[in-house]
Amino acid sequence: MFAERTKWNLALNRLSEALARHSASGKRLFDLTVSNPTDCGFNYEAQTILGALHNPAGLRYEPNPKGLEAARRAVAAYCADRGAAVPLDDIILTTSTSEAYSFVFRLLCNPGDELLIPAPSYPLFAFLADLQDVKLVRYPLVYDHGWQIDCHGLEQGITPRTRGVIVVNPNNPTGHFVKAGELVRLNQTCAQHKIAVIADEVFLDFAFGSQSGLSCAANSDALTFTLSGLSKICGLPQMKLAWLITSGPEELKRQALDRLEVIADTYLSPNTPVQLATPVFLQQRHGFQKQLVTRVRRNLAELDRQLARQKACTRLELEGGWYAVLRVPAVQPDEELAITLLETKSAYVHPGHFFDFAGDGYFVVSLIAREQEFAEGIKRVLSAF
Ligand SMILES: Cc1ncc(COP(=O)(O)O)c(C=O)c1O
């Protein structure tokens, strides 16, 4: 009765089974995978956030395929703060970055067409692609005291069916930003092959080194779709509001926007109260981001302190984002190691293969975990080697 595209293996993987057993046992868990900011002890400006949802204008329905102007104006102001001048008409509001991806995939791809995605990267792409009948082709990121795009590898992945290249800026979980030189080359490649750049900037504001993020929102040398939203920028995933910005050569941009407007008009997804509150949500991002950056810096410093006391494990360089990649002895496959850690140390980490790391010996840990839980969790992980 069901479509092939939903024929997923829905059985729990062995790590999820081990996690279920652990939670049934009632033992305390040191969770180094947390990614929900509303569950990490940050102080939100509750009155401001909830008050913004009380706007009487929310009693009126004024459908607008691109989203309410007041909200798009706030998004444009956010982009201007990031150095990108974005006209209001080039912004389309969606309920999530995932939904924005689905609009772009639908716009660009016939069934079986291909999109290039970085490896390692974020596991949700596989489901998004299945749902839109798109085939994902991986291009390598290479690590040498920092990550970079393997531009040659990327170009080799292009076929007549390729419709776009996804860049995650900074990438999850490697935490590296797209550099100006990489963007120039990416633009040349994409313009030459008549394919689009799709830039995911949900973590753009979270930079930890000297390198800060360069937004693609005004990138104009190739057709570009830039995606972000409230879920990470403001730490408000429950509000379900994101945006899709189209830029590029004028004529291509106009055609893309005309078609996207029809896709958006078909769903009219974002709700009115949240759109009306978006200017306030974006204003309060600074307080949230300050707390988050402090948390990440402290956890990273703690991680480095603990790593300095042993020799078996190291961490990879990172520039931004919410995660760190640990290099651990590949004495067993990553998943086996993660299960062992859970069963013997009550510490929960994500194995690298969830994120398409090329080999074993990688764990991904969340840097937004509460500081005490993080310190104890890392101690337990390192004590296993
Ligand atoms: C790189 C990246 N893009 C997009 C998302 C999803 O964002 P949203 O909640 O807006 O769908 C995530 C969530 O973790 C992410 O890590």
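Numbers for residues simply follow the sequence, beginning at 1. Ligands are counted one by one from 1 in listed order, and the atoms in each one are counted from 1 as well.
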Handout entry: R305 with E302: basic N within carboxylate O range, under 4.0 Å
Key = yes
Problem - Reported CD-to-CD1 distance for the pair E69 and I91, which is rounded to 0.5 angstrom - result: 10.0 Å
Practice task
Would you mind checking if K240 and E99 are paired as a salt bridge, meaning a charged N to carboxylate O distance below 4.0 Å?
Solution key: no
Problem - E376 with R28: basic N within carboxylate O range, under 4.0 Å - result: no
Practice task
Give me the ring orientation class for Y267 and F103: parallel if the planes are under 30° apart, tilted from 30 to 60°, perpendicular past 60°.
Solution key: parallel
Completion exercise
At a 4.0 angstrom heavy-atom cut-off, ligand 1 is contacted by S96, T97, S98, Y122, V168, N172, D200, V202, F203, S231, K232
Problem - R161/E114 ion pair, N-O < 4.0 Å - result: no
